[in-house]
Amino acid sequence: MEEFPKTLSDFSVSYRDESLFMEDVSLERIVDAVGTPAYVYSQAHIQAQYKKLAEALKAVDYRVHYAVKANSNLALLKLLGNLGAGYDIVSGGELSRVLSAQGDPGSVIFSGVGKATHELDLALKAGIECFNVESAGELDRLAERAALLSVVAPVAIRFNPNVDAKTHPYISTGLKENKFGVLKDQALALYRRAAESEHLRVYGIACHIGSQIAEPTPLIQALEEMLSLRRELAQQGIEIDHLDLGGGFGVRYRDEPEFDVGLWGREVARLLNGTGLRISIEPGRFLTANAGILLSRVEYLKEAVEDAKSFAVVDAAMNDLIRPALYGAWHEVVPVCNDLQGDRLPWDIVGPICESGDFIAKQRTLTLKQGKLLAILSSGAYGATLASNYNTRGRAPEVLVHKDNWRLVRRRENLQDQLITELP
Ligand SMILES: *Cc1c(COP(=O)(O)O)cnc(C)c1O
């Protein structure tokens, strides 16, 4: 694989002789034990990414709130909690996961446009750090539920700064046309309402403009808008000492540069200097995307006749990893055993699901044969959490690697797991 020896380590893997390793564990050994398809995560990579953020923000009073939806495996939630992270959740189910992983409810921020009554109640009873409220209806419902439970709910309004994150439209959230957050005038009105309610306590201002953001500028623009909203609130007697800057820091999937957290951190420190503000950030992808790979085996090769394409049918599919089908996302694909001599052909790597959209990668030049193991890189975020049972396929197991150890952190889902909820 002459294209990759320099950069494979950015994706948490490397060849030893001709065999692919994650940290000090042979990926072939993991496949022997758990089969394919299987997700494998590197603890060292998550720790290193966390450290980059901590280093970038060392001049600031900050806390990392890991965006649970990126990868909600309990072992990863525990690992991140041990590093000092709190959590950003978007459902009651995610709150239950955090609590199962012994996460501190006082470190939980609840985001999302559609919080149901039972989810608000769960979070109010748990005593979370903050509710990031997205509409007038939600604010009213939250005040009502807090009154019923005789508690006071800490709130931030999710402010939509109308800043272009310059990312894929499906993962952009900070523009006027997006469903997320409220524009400035409405935010001011909601803050006045929150300040008047005896069951709500104004905690901060929240903002999240999108995902896979390539460079700091849009995030800095959003922060400037938040500071201006804070000044207007102060003029109305509403003091804010906490800003939630959201997540969205981009990572490398192909050849794009990783988001420059150092540059961003310096800009944040400059803008916050002298304000006394505390901040939260909500990274998901940045922490876990390149910590993970999806291992898969080639089932069949369908070589091109005439001018058709050549297809490698593998045992991982869109139900395991939907990003290529959903966003046209690029995932690098490399052989687990880099030992094959022979013709390198362009292959479309596809799954067994009955959909033409069921592909993992297109036109990748590889030497393949039936039975060969492949590693699909950058699969640690929005991979396992978006998996489904389409075609009655069981969800893949998940493995966590640490130095020369590995352990199963989720077993493969079996048919009984799937059928048990049905009532024929
Ligand atoms: C999804 C999401 C995040 C995390 O986004 P990443 O791109 O994974 O960093 C953070 N905050 C909110 C509100 C989100 O919806």
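Because the structure is a prediction, the values reported are computed rather than measured. Ligands are counted one by one from 1 in listed order, and the atoms in each one are counted from 1 as well.
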Next on the checklist: Using a 4.0 Å cutoff against the non-hydrogen atoms of Pro283, which atoms of ligand 1 qualify?
Outcome noted: 9 (O)
Item to check | Test item, Gly248 contacting ligand 1 (heavy atom, 4.0 angstrom) | outcome: yes
Next on the checklist: Quick check: Gly247 and ligand 1, any N/O pair under 3.5 Å apart?
Outcome noted: no
Checklist entry - With a cut-off of under 6.0 Å to the ring centre and 45° to the axis, is Arg252 in cation-pi contact with Trp330? => result no
Item to check | Between Asn319 and Ser388: side-chain donor-acceptor atoms closer than 3.5 Å | outcome: no
Next on the checklist: Any atom of ligand 1 sitting under 4.0 Å from a heavy atom of Gly246?
Outcome noted: no
Next on the checklist: Contact between ligand 1 and Tyr382 is defined here as a heavy atom of the residue under 4.0 Å from a ligand atom; is it met?
Outcome noted: yes
Checklist entry - Taking all atoms of both residues into account, what is the closest heavy-atom pair of Val314 and Pro352, and its distance? => result O-CD, 3.3 Å
Checklist entry - Is the shortest N/O to N/O distance between Arg158 and ligand 1 below 3.5 Å? => result no
Item to check | atom 7 (O) of ligand 1 [closest protein heavy-atom partner, distance rounded to 0.1 Å] | outcome: Ser211 OG, 2.3 Å
Next on the checklist: Between Lys309 and Asp348, does any NZ, NE, NH1 or NH2 come within less than 4.0 Å of an OD or OE carboxylate oxygen?
Outcome noted: yes
Checklist entry - Ion pair present between Glu134 and Arg158, side-chain N to carboxylate O less than 4.0 angstrom? => result yes
Checklist entry - Is a salt bridge present between Lys52 and Asp260, judged by a nitrogen-to-oxygen distance below 4.0 Å? => result no
Next on the checklist: Counting neighbours of CD1 on Ile420 that are heavy atoms of other residues, nucleotides or ligands and sit closer than 6.0 Å, is the number greater than 12?
Outcome noted: no
Item to check | Of the listed options Glu282, His65, Lys69, closest to atom 1 (C) of ligand 1 (non-hydrogen atoms) | outcome: Lys69
Item to check | Within 45° cone of Phe131 ring axis and under 6.0 Å: Lys115 NZ or CZ | outcome: no
Checklist entry - Which bit of Asp88 is near ligand 1, meaning a heavy atom under 4.0 Å away: side chain, backbone, both or neither? => result side chain
Item to check | Ligand-residue contact atoms, ligand 1 with Ser111, heavy atoms, under 4.0 Å | outcome: 13 (C)
Item to check | Region of Arg285 that comes within reach of ligand 1 [heavy atoms, distance under 4.0 Å] | outcome: both
